[in-house]
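A note on names: the letters A, B, ... follow the listed sequences, proteins ahead of strands, and every chain is numbered from 1. The structure presented is a predicted model; accordingly, all values stated were derived computationally and were not measured. What you see below is based on every heavy atom in this structure, not just the backbone, and it leaves out hydrogens, waters and symmetry mates.
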2 protein chains.
Amino acid sequence: MPFNLDELDLKLLSHLQENARISAKDISRKIHLSPNSVSIRIKRLEERGYIKQYVTVLNNTMLNRKLMTFTGVRLIHNNSSNLESFMEYVKYVPEITSCYHVNGMFDFLLQIVATDMQDYRDFLINTLAKFDNISELRTFFVLNEMGAGHAIDLTHLRSKFKRDQKRMN
Amino acid sequence: MPFNLDELDLKLLSHLQENARISAKDISRKIHLSPNSVSIRIKRLEERGYIKQYVTVLNNTMLNRKLMTFTGVRLIHNNSSNLESFMEYVKYVPEITSCYHVNGMFDFLLQIVATDMQDYRDFLINTLAKFDNISELRTFFVLNEMGAGHAIDLTHLRSKFKRDQKRMN
DNA sequence: GCTGAAAATTACCTGGA
DNA sequence: TCCAGGTAATTTTCAGC
């Protein structure tokens with residue numbers, strides 16, 4: 001997979017990471033390129049798959065989702081059909097906002113958003129524990145989500161790639 | 001904090017969650033409201049804080065960030081000044097894309113994105129372990145990020161709120 | 001990749017329910 | 001207070017270079 005992005009593409013992606021609704025014109029002013037070219041580049045980045053999605057981050061608390069957890073899940077039998085059926089299962093559970101297949105002391109790490117403690121308890125008992133084949137559920141309640149919130153750092157990407165390409169020669 | 005969103009606001013937020021770059025006109029067609037009113041509502045939702053940010057989700061792998069981990073951190077002394085200095089610390093570390101203060105067997109859960117295993121190792125040794133006061137670091141390598149990807153479910157929010165409001169009377 | 005015109009979208013203002 | 005319509009301003013798209 002060739003890396004064929006230039007400095008302008010990377011700057012463009014940086015701005016889009018910060019604000020997905022920025023106009024092509026505003027970007028054009030910041031990276032010194034015509035609005036036209038900015039639009040074309042954005043479309044190209046979308047088509048080639050560099051941009052996956054534009055999402056809106058909502059204030060969960062104000063929307064009555066006051067509880068967030070990371071819940072570690074361990075399956076009883078870790079064969080591939082069980083792994084796959086669990087992955088398929090989580091797709092249809094709205095409370096699960098992210099699902100990560102991990103190594104180590106858990107098989108999966110789920111990010112879960114619920115209204116409150118009672119709602120989470122109901123979810124555990126009536127939804128998650130209904131899935132056979134779970135041996136362990138361990139909840140990390142999120143007390144505070146903070147710091148970071150970093151988008152991925154693209155500023156040093158170009159030089160890094162240059163080094164990688166050199167190494168390949 | 002009064003909950004003064006109506007069905008239209010919730011539908012609007014749902015569409016914005018899926019696609020932050022959707023135009024007011026496209027939303028207007030979907031929720032049967034004039035483009036004009038849609039714009040006004042979006043602005044109001046931004047001002048009142050229901051909308052936190054519009055972000056672009058990039059393809060990390062294509063941008064040479066092939067490794068993701070969740071790394072559990074345990075501090076030696078859990079007093080408030082140590083907690084705060086750790087939170088302050090993570091703000092300036094670009095590899096840390098999210099930081100969650102949690103209860104249980106870790107104090108913090110960090111989501112980390114790195115180029116590859118070597119890069120992650122360098123990060124652990126040269127950056128994270130440089131922070132005094134860490135007693136335990138446990139890495140969950142993300143083998144696969146899948147399923148879910150759910151935005152928060154707003155479809156049943158209205159009825160839920162009605163119930164809550166009833167309960168308060 | 002740029003320019004310039006046409007098309008589409010958004011912002012603003014006013015009236016009406 | 002909230003919504004619709006009309007107009008102005010901005011932004012995006014498309015053609016030609």
Side-chain angles (χ1 to χ4, degrees), chain A residues 2-59 62-64 154-155 157-159 161-162, chain B residues 1-58 62-63 154-155 157-162 164-165 168-169:
Chain A
F3 178 70
N4 42 19
L5 301 183
D6 62 14
E7 299 277 0
L8 289 171
D9 289 315
L10 296 174
K11 282 184 188 167
L12 207 161
L13 289 173
S14 272
H15 289 297
L16 280 175
Q17 275 194 116
E18 273 178 26
N19 175 15
R21 277 176 84 82
I22 189 173
S23 70
K25 201 179 181 204
D26 282 348
I27 297 178
S28 80
R29 273 193 287 266
K30 288 172 192 251
I31 70 176
H32 307 295
L33 193 68
S34 74
N36 190 344
S37 300
V38 171
S39 293
I40 291 169
R41 277 168 183 264
I42 292 175
K43 190 156 288 176
R44 194 172 57 198
L45 290 165
E46 289 171 355
E47 283 165 359
R48 294 189 181 168
Y50 289 98
I51 292 171
K52 279 163 109 174
Q53 204 189 351
Y54 302 104
V55 306
T56 298
V57 183
L58 303 180
N59 185 323
M62 287 178 77
L63 291 161
N64 202 31
L154 298 169
T155 55
L157 190 58
R158 182 108 180 103
S159 49
F161 263 104
K162 277 186 191 148
Chain B
M1 177 180 50
F3 176 72
N4 42 19
L5 301 183
D6 61 14
E7 299 277 1
L8 289 171
D9 289 315
L10 296 174
K11 282 184 189 168
L12 208 161
L13 289 173
S14 273
H15 289 297
L16 279 176
Q17 275 194 117
E18 273 178 29
N19 175 15
R21 278 175 84 81
I22 190 173
S23 71
K25 203 180 178 202
D26 282 348
I27 297 177
S28 80
R29 274 193 287 267
K30 288 172 192 253
I31 69 175
H32 307 294
L33 192 68
S34 72
N36 191 344
S37 300
V38 171
S39 294
I40 290 168
R41 278 167 183 264
I42 291 175
K43 190 157 287 176
R44 193 174 56 198
L45 290 165
E46 290 170 355
E47 282 164 359
R48 294 189 181 169
Y50 290 98
I51 292 172
K52 280 163 112 175
Q53 202 189 352
Y54 302 104
V55 306
T56 299
V57 182
L58 303 180
M62 286 177 77
L63 291 161
L154 299 170
T155 55
L157 189 60
R158 183 110 179 99
S159 49
K160 202 175 232 321
F161 263 103
K162 276 185 191 148
D164 287 352
Q165 278 165 1
M168 287 177 209
N169 293 343

Close side-chain approach of L63(A) and L13(B), heavy atoms under 4.5 Å: yes
Expected output: side-chain Q53(A) to main-chain E18(B) donor-acceptor under 3.5 Å: yes
End-to-end axis angle, where each axis spans five pairs of the helix from dG1(C)-dC17(D) to dA17(C)-dT1(D), to 10°: 30°
Segment of DNA chain C, first to last nucleotide, that comes within the 4.0 Å heavy-atom reach of chain B: dT9(C) to dC13(C)
Check: D6(B) main-chain N/O paired with D9(B) side-chain donor or acceptor under 3.5 Å: yes
Distance (rounded to the nearest 0.5 Å) between S14(B) OG and I31(B) CD1: 10.0 Å
Spacing of CG belonging to L10(A) relative to CG belonging to L154(A), to within rounding of 0.5 Å: 6.0 Å
Annotated protein contacts, base or backbone, on nucleotides 3-14 of chain D with a non-hydrogen cut-off under 4.0 Å, one of B, S, - each: SSBB----SSSB
Trace of the side chain to side chain contact (heavy atoms under 4.5 Å, CB included) decision for L58(A) with Q17(B): CA-CA 8 Å; L58(A) 303 180; Q17(B) 275 194 117; 3.5 Å; yes
Exam field: side chain R21(B) to backbone A20(A), donor-acceptor pair closer than 3.5 Å: yes
T56(A) side chain vs L16(B) backbone, donor-acceptor pair below 3.5 Å: yes
Distance (rounded to the nearest 0.5 Å) between Y54(B) OH and E46(B) CD: 3.5 Å
CG-CD1 distance between L12(B) and I42(B), expressed to the nearest 0.5 angstrom: 5.0 Å
